[in-house]
Novice: 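Questions regarding the structure given below will be posed in turn.
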Amino acid sequence: MTYPLTFYVDSLPDGFAGMANGPVIRILKSHKDDVGLYQHELEHVKQWFRTLGIHPILYFFSDTYKLWSEVRAYKKQAACYPDDRKPRFARFIATKYNLSITEADALEKLR
Ligand SMILES: [Zn+2]
């Protein structure tokens, strides 16, 4: 069963195929069948519930929290595919989130 607040949309900010904002998941229609992407965004929704809604504040103000949050989400995502996508996700973590981390260090955290 798909989490009920999941919406399939035509566009998202450049470079993103899925997003979670609070309890709401948005995924590009072109990625509707990407179970890993869905699990990634679902993990962020769980983080939002677990932090009683302050997840976006922690995410915005703490790079340590943001890194922890993305590493967890990408680990969930990587587990959904038969091939090893961790190197690719490590590149995303090192380049798409304004985090001071190298690709190699991000990969280390995903392993
Ligand atoms: Zn994420």
Side-chain angles (χ1 to χ4, degrees):
M1 189 189 123
T2 303
Y3 172 69
L5 293 179
T6 304
F7 299 94
Y8 298 98
V9 298
D10 289 317
S11 68
L12 284 175
D14 267 357
F16 290 90
M19 293 198 103
N21 296 92
V24 175
I25 292 173
R26 288 178 297 156
I27 289 175
L28 288 180
K29 283 177 183 166
S30 56
H31 289 69
K32 196 176 195 318
D33 298 326
D34 188 336
V35 177
L37 179 61
Y38 168 73
Q39 289 299 327
H40 179 119
E41 301 309 334
L42 186 62
E43 174 58 25
H44 286 317
V45 169
K46 288 177 181 171
Q47 291 165 357
W48 183 81
F49 278 111
R50 281 190 212 112
T51 60
L52 306 176
I54 66 165
H55 165 77
I57 297 166
L58 295 169
Y59 191 98
F60 185 82
F61 287 106
S62 168
D63 281 356
T64 304
Y65 180 81
K66 187 198 282 187
L67 178 60
W68 174 86
S69 165
E70 290 304 339
V71 165
R72 269 189 79 101
Y74 277 115
K75 274 185 174 177
K76 296 269 169 149
Q77 184 170 359
C80 296
Y81 308 112
D83 56 321
D84 180 13
R85 299 193 188 182
K86 286 180 177 175
R88 183 173 155 196
F89 295 156
R91 181 166 26 108
F92 290 169
I93 289 171
T95 59
K96 291 170 56 161
Y97 297 92
N98 287 319
L99 290 166
S100 297
I101 187 167
T102 64
E103 215 172 303
D105 287 347
L107 184 57
E108 192 66 33
K109 290 195 179 291
L110 288 173
R111 295 284 184 210

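Worth knowing before you read on, the calculation uses all heavy atoms, side chains too, and leaves out hydrogens, waters and symmetry mates.
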Novice: For Thr95 and Arg91, indicate whether the former's side chain and the latter's backbone hold a donor-acceptor pair under 3.5 Å.
Specialist: yes
Novice: Using modelled atom types only, decide if a donor and an acceptor are shared between the side chain of Lys86 and the backbone of Ala78 within a distance under 3.5 Å.
Specialist: no
Novice: How long is the span from the CG atom in Leu58 to the CG atom in Asp63, to the nearest 0.5 Å?
Specialist: 12.0 Å
Novice: Donor-acceptor pair, Asn21 side chain versus Val24 backbone, under 3.5 Å?
Specialist: no
Novice: Taking the cut-offs as 6.0 angstrom to the six-membered ring centre and 45 degrees off its axis, would you call Arg85 and Phe89 a cation-pi pair?
Specialist: no
Novice: Rounded to the nearest 0.5 Å, how far does CZ of Phe7 lie from NZ of Lys29?
Specialist: 12.5 Å
Novice: Determine yes or no for a side-chain-to-main-chain donor-acceptor pair under 3.5 angstrom, with Glu41 supplying the side chain and Ala20 the backbone.
Specialist: yes
Novice: Report the C-alpha distance between Glu70 and Lys75 in whole Å, list the side-chain angles of each, state the deciding distance to 0.1 Å, and finish with yes or no for salt bridge (charged side-chain N to carboxylate O under 4.0 Å, His left out).
Specialist: CA-CA 8 Å; Glu70 290 304 339; Lys75 274 185 174 177; over 6 Å; no
Novice: Can you tell whether the side chains of Arg50 and Glu43 come within less than 4.0 Å, N to carboxylate O?
Specialist: yes
Novice: Taking only residues two or more places apart in sequence or in another chain, which ones pass side chain to side chain contact (heavy atoms under 4.5 Å, CB included) with Lys32?
Specialist: Tyr8
Novice: About how many Å separate NZ of Lys109 and CD1 of Ile101, when rounded to the nearest 0.5 Å?
Specialist: 5.5 Å
Novice: Which residues satisfy the side chain to side chain contact (heavy atoms under 4.5 Å, CB included) test with Glu108, sequence neighbours excluded?
Specialist: none
Novice: Are Phe49 and His55 an aromatic pair, judged by ring center distance below 6.0 Å?
Specialist: no
Novice: In terms of hydrophobic clusters joined by side-chain contacts under 4.5 Å, are Leu67 and Phe61 together?
Specialist: yes
Novice: Please determine if Lys96 forms a cation-pi arrangement with Phe92, meaning its NZ or CZ atom is less than 6.0 Å from the six-membered ring centre and no more than 45° off the ring axis.
Specialist: yes
Novice: Starting from Phe60, can I reach Phe16 by hopping between I/L/V/M/F/W/Y residues whose side chains sit under 4.5 Å apart?
Specialist: yes
Novice: Should the pair Arg111-Asp84 be classified as a salt bridge under the 4.0 Å nitrogen-to-oxygen rule?
Specialist: yes
Novice: Within the 3.5 Å criterion, strictly below it, is a donor on Tyr38 or Asp33 matched to an acceptor on the partner's side chain?
Specialist: no
